[in-house]
Visitor: 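There's a structure below that I have some questions on.
None of the values given here were measured: they were computed from a predicted structure. In what follows, every heavy atom counts, from backbone to side chain, and hydrogens, waters and symmetry copies are set aside.
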Amino acid sequence: MAFDSLSNRLSLAFKNIAGNGKLTEKNMDRMLKEVRTALLEADVNYQVVKKFIETIREESMGEKVLSALDPSQMVVKIVHDEIVSLLGEETAEIQYSSNGMTTIMMVGLQGTGKTTSIAKLANLMQKKQNRRPLLIAADVVRPAAIEQLQTLGASIGVEVFTLGNQVSSVETVKQGLEYARLHQYDTVLIDTAGRLHIDEELMQELHVMKDLARPQEILLTVDAMTGQDIVTVAKSFHEQLDVTGLVVTKFDGDSRGGGVLSVRAITQVPVKFVCVGEKMEDIDIFYPERMADRILGMGDIMTLIEQAQEKMDLEASEASAKRMLNGEFTLDDMLVQFKQMKKMGSMSGVLKMIPGMGQLASQVNDEEANERIKAQEAIIYSMTPEERKNPRALRSTHKNRIAKGSGTSVQEVNRLINQFEKTKTQMKAMGSIMRSGRMPENLLQQMQQGMNKKRRF
């Protein structure tokens, strides 16, 4: 995920002042030097880094921070607020027309994922924002662009308007807008042609299209993996077209993220959406404050909750949880838990969104975790319904049969059963505690510490 390396470096930098009784120029300089290096290594623009460090120094050496009970926490808060300022203090949402149809142009260089992104955006608008979108296939230059958009549109149940690649893009847009009005679509998304580089021909075509469509939004797709090129591309497109927002693709990749941190400060164009995977659902609204939390290892619990509500079968989870707390947990319930976990994505990705778990996420091998879950699922599926209800009754002959059927070993079968019994016992004990109204003192302390840690920010 973008910013992972930066997040780790900043966590190390803050250790230089953590635990110190007071803030001094010496420990402050050491911390700021680490922060500066971390930002530059993340490919953040040099001028942006320079101004960022100056602001942090000025704010941190103020009387309010120096007299604080915990200066290190105050400094972290200042860094957090400044990152939010860089990313944009408010969430930049789509400006839908209050009267009539909203038109959105998607522009960008070839290879940045423009066509896929516009389909993802249409899917988000339809499912989460109660919009009725129409896609216009106006990229008549790239081979198979129209077919790609039609395939994507069909997969999400959104109509694609096209006149084929023998009709000009401008005529396609003109007739597409008329079609949208006639069929009462409230949102039109126009997929435009891209180039391998910015040239006069591309911009001229986009200018004509802009004058014709008069869009409320012009969104530019940029590839997170291109680093500082994000700023260069955004600046060029913005000067020509007045871009209203960015859609950052490949945000789940191993990019350093510096371009995303720099782009708004230099161009004043906000990031509106980030694409975090290959599926049509893998696009998120960009929340600056949540992203600042994640960069500083403070988690992103709101996004985690939203993803759980969208992706998990909450009724099945609730029923399973009740059985767990009542001591009625079976291996079928464990299967439900495995399925829910897979819907949420990678284990490391989930851990990063839980406050205080960021460092643990780097120790998780997602590939190994997925293989382990697959093997455990195979073991359970190789059991009979009765065996799933009472795995304690399994004898060695049963275990041998299950191991062969699942392509695992008897040791792995035993390990799963032991894990299941341990979980069942712990959940039953927790259920008893909850029903009695008692909670272990150390558990209450842990919960309180976690809440206090979040409140500081």
Side-chain angles (χ1 to χ4, degrees), residues 92-122 125 131 133-142 145-146 149 153 158-165 167-182 185-223 230-249 263-264 266-273:
E93 299 184 24
I94 292 290
Q95 299 301 307
Y96 290 113
S97 175
S98 57
N99 185 21
M101 190 171 67
T102 299
T103 304
I104 299 166
M105 275 177 62
M106 186 76 85
V107 300
L109 295 181
Q110 195 169 307
T112 56
K114 180 166 46 62
T115 300
T116 306
S117 296
I118 200 170
K120 287 180 178 180
L121 190 53
M125 290 173 170
R131 306 294 296 185
L134 172 72
L135 291 164
I136 296 180
D139 182 356
V140 298
V141 176
R142 182 170 65 89
I146 295 173
L149 192 61
V158 173
E159 186 177 2
V160 176
F161 179 88
T162 176
L163 297 176
N165 58 11
V167 178
S168 74
S169 58
V170 174
E171 183 62 27
T172 298
V173 170
K174 182 180 178 181
Q175 292 194 36
L177 291 171
E178 291 175 359
Y179 181 88
R181 292 188 190 96
L182 182 65
Y185 284 97
D186 59 17
T187 310
V188 174
L189 297 103
I190 304 169
D191 183 28
T192 66
R195 299 285 192 280
L196 293 174
H197 58 276
I198 297 167
D199 60 22
E200 191 175 334
E201 183 184 359
L202 168 65
M203 287 303 173
Q204 182 59 35
E205 181 182 279
L206 294 177
H207 271 296
V208 173
M209 208 175 292
K210 178 186 174 183
D211 292 341
L212 173 66
R214 296 185 179 179
Q216 280 73 33
E217 296 271 359
I218 299 179
L219 301 180
L220 171 68
T221 57
V222 289
D223 185 338
I230 289 177
V231 178
T232 306
V233 171
K235 195 172 181 181
S236 298
F237 271 91
H238 186 48
E239 287 172 353
Q240 298 271 357
L241 297 168
D242 292 327
V243 172
T244 59
L246 302 181
V247 178
V248 182
T249 63
V263 67
R264 193 181 186 281
I266 295 173
T267 67
Q268 298 306 304
V269 178
V271 176
K272 293 202 173 188
F273 299 94

Visitor: Grab the two heavy atoms, one from T249 and one from S117, that are nearest each other, plus how far apart they are.
Guide: CG2-OG, 3.2 Å
Visitor: Between M101 and L177, is a side-chain contact (heavy atoms from CB on, under 4.5 Å) present by the stated rule, with each step listed?
Guide: CA-CA 9 Å; M101 190 171 67; L177 291 171; 4.1 Å; yes
Visitor: Can you find a heavy atom in the side chain of I146 that is under 4.5 Å from one in the side chain of N165?
Guide: yes
Visitor: Any non-hydrogen side-chain atom of D186 less than 4.5 Å from a side-chain atom of Y96?
Guide: no
Visitor: Please examine the side chains of K114 and T192, heavy atoms only from C-beta on, and report whether any two atoms are closer than 4.5 Å.
Guide: yes
Visitor: To the nearest 0.5 Å, tell me how far T115 OG1 sits from K120 NZ.
Guide: 12.0 Å
Visitor: Holding to side chain to side chain contact (heavy atoms under 4.5 Å, CB included), I want the full list of residues that pass it with Q110, two or more places apart in sequence or in another chain.
Guide: R142, L196
Visitor: Are R131 and I94 side-chain neighbours, meaning at least one heavy-atom pair lies under 4.5 Å?
Guide: no
Visitor: If the condition is salt bridge (Lys or Arg N to Asp or Glu O under 4.0 Å), which residues does E200 pass it with, not counting sequence neighbours?
Guide: none
Visitor: Do L121 and L219 touch side chain to side chain, with heavy atoms closer than 4.5 Å?
Guide: yes
Visitor: Passes side-chain contact (heavy atoms from CB on, under 4.5 Å), L149 versus I118? Steps please.
Guide: CA-CA 9 Å; L149 192 61; I118 200 170; 3.8 Å; yes
Visitor: Just grab all the side chain to side chain donor-acceptor pair (under 3.5 Å) pairs involving residues 211-220, residues at least two apart or on different chains.
Guide: E217-T244, E217-K272
Visitor: Taking it one step at a time, do T172 and I136 satisfy side-chain contact (heavy atoms from CB on, under 4.5 Å)?
Guide: CA-CA 8 Å; T172 298; I136 296 180; 3.9 Å; yes
Visitor: Hey, are the side chains of M105 and V173 touching, using non-hydrogen atoms and a 4.5 Å cut-off?
Guide: no
Visitor: Taking only residues two or more places apart in sequence, or in another chain, which ones meet Q175 in a side-chain hydrogen bond (donor to acceptor under 3.5 Å, both in side chains)?
Guide: E171
Visitor: Pick one: which of I104, T103, L135 meets side chain to side chain contact (heavy atoms under 4.5 Å, CB included) with T187?
Guide: I104
Visitor: For G153 versus V160, what's the shortest heavy-atom pair and its separation?
Guide: CA-CG2, 4.0 Å
Visitor: Return the minimal non-hydrogen interatomic distance between P133 and L189, and the atom names on each side.
Guide: CB-CD1, 3.7 Å
Visitor: Which distance, rounded to the nearest 0.5 Å, do you find between the CG of L134 and the CZ of R181?
Guide: 11.5 Å
Visitor: Contact between M106 and V247 at the side-chain level, heavy atoms closer than 4.5 Å - yes or no?
Guide: yes
Visitor: At their closest point, which heavy atom of S169 faces which heavy atom of A138, and how far apart are they?
Guide: CB-O, 3.1 Å
Visitor: Which atom pair, heavy atoms only, marks the closest approach of A180 to V188?
Guide: CB-CG2, 3.4 Å
Visitor: Would you say D242 and I218 make side-chain contact, with heavy atoms under 4.5 Å?
Guide: no
Visitor: Suppose we screen for side-chain hydrogen bond (donor to acceptor under 3.5 Å, both in side chains). Which residues come up paired with T221, at least two apart in sequence or across chains?
Guide: T112
Visitor: Without swapping roles, check the side chain of T102 against the backbone of S97 for a donor-acceptor pair under 3.5 Å.
Guide: yes
Visitor: Specify the closest pair of heavy atoms between V208 and V170, including all atoms of both residues, with the distance to one decimal.
Guide: CG1-CG2, 3.7 Å
Visitor: Could you tell me which residues satisfy ring pair (Phe, Tyr, Trp, His ring centres under 6.0 Å) with F237, sequence neighbours excluded, listed by chain and number?
Guide: none
Visitor: Look at the aromatic rings of Y185 and Y179 and report parallel, tilted or perpendicular, splitting at 30° and 60°.
Guide: parallel
Visitor: In Å, rounded to the nearest 0.5 Å, how long is the span from CG of D139 to CG of D191?
Guide: 5.5 Å
